[in-house]
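Working notes, structure below.
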Amino acid sequence: MPVLEKFTPTTVENAVSLLKEHDGRAAIMAGGTDLFIRMKKGLASPAAIINISNINNLKAMEYDPVNGLYMGSLVTLRNIIESETVKRNFKALHEAALTLATPSIRTLATIGGNLCNASPSADMAPILIALKAKACIADGGGQTEIPLEDFFVGPSQTVLNNSILAGIKVPCADCNGGSAYEKATRSQSVDVALAGVAVCLALDNTGSIADLRVVLGAVAPTPLRALKTEAVLLGQKPTPELFIQAADTAVSEASPISDVRCKADYRNHLVNVLTIRALNKALARAQAAPEE
Amino acid sequence: MTVKHIVLNVNNTDYEVAVEASRSLADVLRLQLGFTGTKIFCNEGECGACTVNVDGEAILSCMVLAIDMEGRKIVTIEGMSDPVTGAMHPLQEAFVEHSGMQCGFCTSGMIMTANVLLAENPDPSEEDVRKALAGNLCRCGNYHRINESVRAAAVKIAEKMPD
């Protein structure tokens with residue numbers, strides 16, 4: 001795993017200028033839990049590593065009921081899991097974090113890293129997109145915000161270009177309804193998602209679905225907002241028949257591959273099952289949510 | 001390849017060592033400092049065999065660079081026994097008494113992860129232990145005895161505490 005140079009900037013501006021200096025030949029390192037594996041396997045051989053773990057203002061985690069949750073990109077999975085605020089207000093975000101890898105990896109792994117590594121099966125992406133998260137990107141001149149669903153371009157590819165993911169904004173607590181992330185794996189405890197479905201939905205005072213997002217993971221080149229599925233559900237009263245129709249629509253929107261873990265047709269089956277489970281769980285939570 | 005001279009604090013002792021920038025802590029511990037109790041198995045952070053304690057946390061030593069570990073307190077399996085008397089740590093005793101080892105390859109990782117669990121949760125349930133050790137694989141399939149050993153160690157540690 002040869003490394004020629006290693007830098008440890010203490011500001012975002014320094015990190016971005018180092019990136020620009022190396023113009024595509026340097027890799028950003030935070031927890032290193034994806035980067036090191038790729039380097040050890042020879043899938044990545046950066047000329048330089050820019051270790052951003054000392055940029056303290058990327059570690060902030062803040063919440064208020066008006067602006068929602070902000071997580072700096074260096075917030076670890078463990079920080080997320082241990083946050084009572086997240087557990088209370090963004091239940092499925094807490095649960096999604098618990099499905100990611102192992103306790104020891106979660107000590108090192110960062111939310112920024114999971115998103116920037118941009119695996120199609122990244123566990124934090126579907127639920128964050130369902131929660132209407134925005135990616136805050138720093139390019140040395142300032143920060144721009146984009147919807148998180150626009151952050152991913154392809155497998156392992158994001159919009160970042162000599163820029164850094166500074167943080168994630170999550171505007172509203174479970175969209176004032178309920179959220180769920182259902183993940184299918186081969187083993188009981190630790191595994192990459194074979195398929196994942198995240199749902200966030202809110203009801204109006206007639207009990208109809210007033211606000212909703214359905215996001216599929218691991219069944220397309222990027223995390224995928226299931227727009228047709230959302231259209232089936234929005235404005236409707238939630239019934240078992242409607243959820244079945246929604247699940248069938250979700251399968252039609254997915255485009256999974258067959259790989260060493262799973263065949264594509266089984267992934268489609270999983271999308272069907274997980275969509276119904278996630279919708280039911282999010283609905284139960286939305287119905288249980290206290291009236292504002 | 002750059003070589004840096006660093007000081008690593010391992011089991012309460014400072015060691016001066018010249019390391020390449022790309023070396024993992026696991027490699028340096030084993031090959032340069034002779035602490036071969038820490039095992040490298042998958043070398044990808046998936047099996048937990050390389051687990052050590054760094055500043056009281058369970059850290060996968062194959063997944064961190066040695067040069068990033070300067071100034072931290074590193075404890076390996078060799079540091080678990082009493083440095084003066086050589087007496088085994090209650091976790092080590094419990095693994096012996098409850099057949100927590102078959103081939104022994106996962107054992108140091110299991111103990112170092114359990115060490116952190118017991119510091120945070122002195123009375124873990126079977127489920128607590130299973131969740132905490134989810135990242136430590138045992139190819140011999142000895143999980144139930146490993147779980148029992150960890151809980152037996154918790155009892156031993158509690159019995160030794162002054163009231």
Side-chain angles (χ1 to χ4, degrees), chain A residues 1-8 26-27 29-54 74 76-79 81-82 95 97-110 113-114 117 185-192 261, chain B residues 1-4 6 19-27 40 42-72 109-110 112-117 120-121 124 127-138 143:
Chain A
M1 199 175 78
V3 171
L4 298 184
E5 283 180 291
K6 191 162 173 286
F7 301 96
T8 314
M29 176 193 147
T33 52
D34 281 320
L35 179 65
F36 280 1
I37 293 177
R38 293 209 320 273
M39 288 174 70
K40 288 180 193 193
K41 289 185 172 177
L43 298 172
S45 37
I49 286 183
I50 302 169
N51 183 339
I52 58 171
S53 339
N54 285 3
L74 289 182
T76 65
L77 269 290
R78 188 160 145 188
N79 294 150
I81 289 163
E82 290 179 349
E95 291 167 347
L98 279 169
T99 71
L100 196 153
T102 67
S104 298
I105 291 278
R106 297 194 290 259
T107 299
L108 299 170
T110 61
N114 186 242
N117 189 54
T185 53
R186 290 169 298 174
S187 83
Q188 272 189 46
S189 62
V190 177
D191 204 0
V192 170
R261 289 186 194 94
Chain B
M1 232 162 292
T2 355
V3 170
K4 234 187 139 188
I6 63 172
V19 304
E20 291 165 357
S22 57
R23 284 298 217 178
S24 68
L25 176 63
D27 278 344
I40 298 175
C42 74
N43 204 26
E44 290 182 3
E46 302 224 7
C47 74
C50 69
T51 309
V52 297
N53 291 170
V54 178
D55 292 338
E57 300 200 337
I59 293 291
L60 300 163
S61 59
C62 78
M63 294 293 283
V64 297
L65 296 176
I67 55 176
D68 287 340
M69 296 292 115
E70 252 195 312
R72 318 267 205 112
M110 290 284 182
M112 298 319 290
T113 305
N115 191 37
V116 173
L117 167 69
E120 292 168 2
N121 181 354
E127 173 88 3
D128 291 335
V129 176
R130 256 196 287 132
K131 282 188 178 160
L133 297 183
N136 290 80
L137 303 182
C138 169
Y143 293 106

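Letters A, B, ... are given to chains in the order of the sequence lines, protein chains preceding strands, and every chain is numbered from 1. For the numbers below, each heavy atom of this structure counts, side chains included, while hydrogens, waters and symmetry mates do not. The structure presented is a predicted model; accordingly, all values stated were derived computationally and were not measured.
With a threshold of 4.5 angstrom between heavy atoms, Thr107(A) approaches chain B through side-chain atoms but not through N, CA, C or O. Residue Val64(B) touches chain A through both its backbone and its side chain, counting heavy-atom pairs closer than 4.5 Å. With a 4.5 Å cut-off on non-hydrogen atoms, Arg78(A) touches chain B through its side chain but not through its backbone. Only the side chain of Ile67(B) comes within contact range of chain A, judged by heavy atoms closer than 4.5 Å. Heavy atoms of Leu108(A) lying under 4.5 Å from chain B belong exclusively to its side chain. Looking at Glu57(B), the atoms closer than 4.5 Å to chain A (heavy atoms on both sides) all sit in the side chain, from C-beta outward.
Across Thr33(A), Thr8(A), Leu35(A), the residue that shares the most heavy-atom pairs under 4.5 angstrom with chain B is Thr33(A).
Thr113(B) and Asn136(B) form a side-chain donor-acceptor contact under 3.5 Å, judged by distance and modelled atom types alone.
The pair Lys4(B)-Glu20(B) does not count as a salt bridge, with every side-chain nitrogen at least 4.0 angstrom from each carboxylate oxygen.
Within the 4.5 Å cutoff, the side chain of Lys40(A) has heavy atoms near those of the Asn43(B) side chain. Contact of the Glu46(B) side chain with the Leu137(B) side chain is not registered, since no non-hydrogen atoms from C-beta on lie closer than 4.5 Å. Taking the side chain as every heavy atom from C-beta outward, Met110(B) and Tyr143(B) approach each other to under 4.5 Å.
In this structure, Asp34(A) and Gly113(A) approach most closely via the heavy-atom pair OD2-O, 4.1 Å.
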